Amino acid sequence: MVPFLDLGSVNSQFRNELIEAITRVVDSGWYIQGECVKKFEAAFADFCGVKHCVGVANGLDALTLTLRAWKELGKIQEGDEVIVPANTYIASILAITENKLTPVLVEPDEATYNLCPEKVRAAITSKTKAIIPVHLYGQLSAMPALMSLAEQYNLLVLEDSAQAHGASLDGRKAGNWGNASGFSFYPGKNLGALGDAGAITTNDDDLAGVLRALGNYGSHEKYKNLYQGVNSRLDEVQAAVLGVKLKYLDIHTAHRRKIAQVYLKGINNAALTLPMSRSEDALSCERHVWHLFVIRCQERIALQEHLAKSGVQTLIHYPIPPHKQQAYPQFNHLNFTVTERIHQEVLSLPMSPVMTLESAEVVVDACNSFVTSGR
Ligand SMILES: *Cc1c(COP(=O)(O)O)cnc(C)c1O
């Protein structure tokens with residue numbers, strides 16, 4: 001069987017190093033806001049090429065707290081509009097509504113699944129204050145165009161980089177483009193902890209200061225509380241784990257790219273659409289970190305069954321778009337045809353830093369032997 005993602009194998013590569021790192025935390029007697037967090041924050045800021053990295057409890061908090069910090073700094077207020085891709089994972093939208101801001105859902109570019117600058121421009125109103133480009137599946141959004149729009153209309157940009165650790169465009173990495181960027185270190189992400197963890201990267205000193213306070217009960221100085229904050233901190237054990245795994249992230253990314261190349265070169269079934277295949281950028285995979293390798297098929301269910309019979313495990317990212325979720329009845333009446341088509345057709349093939357090229361060939365053969373019903 002070719003598993004979708006064998007996380008146990010991913011982490012057992014570093015078993016000894018992880019156990020040593022965790023043991024040092026156990027023996028240190030210091031478990032929150034200590035040396036491991038400081039070291040990891042510095043290393044990850046350096047990796048992204050930014051000044052600050054602020055560790056938080058998870059990726060959703062990274063996004064939510066950044067918008068909250070902008071409210072505290074007076075840059076954005078309740079009721080302001082935030083542009084976000086309609087096909088994102090729901091967390092990007094939860095961060096907006098949690099802050100009583102208004103999400104403005106915009107259809108993605110169907111070739112890249114990321115925000116299309118022209119559609120963003122068309123959605124800008126006098127209430128628009130921010131854009132959240134989501135680097136979906138591991139590929140950077142059209143950041144040069146989005147940043148110039150933001151400049152033109154004086155908008156804040158919060159990258160959702162939860163799926164794009166190390167992805168780059170024009171030599172600049174995810175986390176290095178916007179006013180701030182939220183990362184998730186959920187175990188299945190490209191850089192994954194052994195539990196929940198997240199971080200914000202930014203070059204803005206004031207923002208970093210407010211974020212540090214907000215995640216620590218709103219306290220900027222011991223026993224003094226400037227804000228009604230929350231408890232959202234990266235802990236020492238997860239920071240120690242992430243410190244170990246960050247050293248291997250580029251190697252993991254290189255392996256993901258190799259698997260992606262096997263898929264891109266090998267899959268030639270006309271019933272399947274490969275990532276980027278409708279774009280001029282088909283060969284620009286250097287920038288993509290392949291968090292997910294997502295293909296499209298009009299007969300997705302049949303394809304998934306065929307692959308399962310061939311021993312290939314697949315998942316769907318994502319089956320139901322946010323605007324059709326029960327959590328958002330106010331959006332249920334909206335129609336986003338591109339987004340809805342994507343959600344009906346996408347299927348994610350196995351992708352991991354430990355899968356073998358032979359298993360990738362098994363996946364290729366299984367994809368190529370799929371026959372549509374012809375309906
Ligand atoms: C995973 C993810 C998040 C949320 O991260 P958590 O650490 O699970 O809270 C946000 N946005 C996107 C696009 C994600 O994939």
Side-chain angles (χ1 to χ4, degrees), residues 4-5 7 40 44 53-68 82-99 103 105-106 108 112-115 130-141 143 146 157-167 174-175 177-178 180-201 211 214-215 230-235 237-239 241-242 245 256 288-294 315-323 325 327-328 339 342-343 346 348 351-352:
F4 179 74
L5 169 63
L7 271 181
F40 173 72
F44 195 67
C53 168
V54 180
V56 291
N58 54 65
L60 173 58
D61 283 0
L63 299 171
T64 307
L65 290 176
T66 303
L67 294 173
R68 170 80 194 275
V82 180
I83 291 175
V84 64
N87 64 319
T88 185
Y89 180 60
I90 197 166
S92 329
I93 296 166
L94 292 172
I96 300 170
T97 51
E98 174 65 24
N99 278 292
L105 307 179
V106 172
T112 62
Y113 305 111
N114 283 334
L115 274 181
I131 310 175
I132 302 187
V134 181
H135 308 317
L136 206 65
Y137 306 149
Q139 184 177 36
L140 277 201
S141 309
M143 293 313 290
L146 291 171
V157 175
L158 170 56
E159 295 171 71
D160 182 340
S161 303
Q163 303 191 358
H165 317 71
W177 286 88
S181 173
F183 284 90
S184 165
F185 306 119
Y186 175 81
K189 300 288 160 85
N190 286 29
L191 178 59
L194 302 182
D196 277 314
I200 302 107
T201 58
L211 284 167
L214 281 177
V230 298
N231 177 349
S232 180
R233 300 179 294 218
L234 176 61
D235 65 67
V237 169
Q238 297 308 339
V241 165
L242 290 166
K245 292 186 69 181
R256 287 174 184 274
H288 204 310
V289 293
W290 301 105
H291 172 57
L292 296 169
F293 192 98
V294 176
L315 292 176
I316 296 170
H317 300 91
Y318 301 89
I320 305 171
H323 71 280
Q325 297 287 354
Y328 286 121
T339 294
I342 289 170
H343 284 73
V346 288
S348 306
M351 173 54 79
S352 96

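Numbering of residues begins at 1 and proceeds along the displayed sequence. Remember, it's 1-based here, ligands and their atoms both numbered in the order they're listed. Just so you know, these numbers come straight off a predicted model, no measurement behind them.
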Could you tell me the residue and atom name of the protein heavy atom closest to [atom], and the distance to it rounded to 0.1 Å?
atom                    : result
atom 2 (C) of ligand 1  : K189 NZ, 2.6 Å
atom 11 (N) of ligand 1 : D160 OD2, 2.8 Å
atom 9 (O) of ligand 1  : L60 N, 2.9 Å
atom 10 (C) of ligand 1 : A91 CB, 3.4 Å

Does any N or O in the side chain of [X] come within less than 3.5 Å of the main-chain N or O of [Y], such that one atom is a donor and the other an acceptor?
X    : Y    : result
H165 : A174 : no
Q238 : L194 : yes
T88  : V134 : no

### Task
Assign the ring pair F185 / F40 to parallel, tilted or perpendicular, where the plane angle (0 to 90°) is split at 30° and 60°.
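The rings of F185 and F40 stand perpendicular, inter-plane angle above 60°.
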### Message
Can you classify the ring geometry of F183 versus F44 as parallel (below 30°), tilted (30 to 60°) or perpendicular (above 60°)?
### Response
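Perpendicular, since the angle between the ring planes exceeds 60°.
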Quick one: which ligand 1 atoms are inside 4.0 Å of a heavy atom on [X]?
X    : result
G59  : 5 (O), 6 (P), 7 (O), 9 (O)
A162 : 2 (C), 3 (C), 10 (C), 11 (N), 12 (C), 14 (C), 15 (O)
V134 : 13 (C)

### Message
For H317 and Y137, I'd like to know if the aromatic rings sit close, meaning centre-to-centre distance below 6.0 Å.
### Response
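Judged by ring-centre distance (under 6.0 Å), H317 and Y137 do not meet the cut-off.
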### Query
Does any N/O atom on Q163 come nearer than 3.5 Å to any N/O atom on ligand 1?
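Min N/O separation from ligand 1 is below 3.5 Å for Q163.
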### Query
Is there at least one pair of N or O atoms, one from S184 and one from ligand 1, spaced under 3.5 Å apart?
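N/O-N/O distance below 3.5 Å exists for this pair.
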### Query
Is there a side-chain contact between P108 and I342, using heavy atoms and a 4.5 Å cut-off?
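The answer is yes, as the side chains (C-beta and beyond) meet within the 4.5 Å cut-off.
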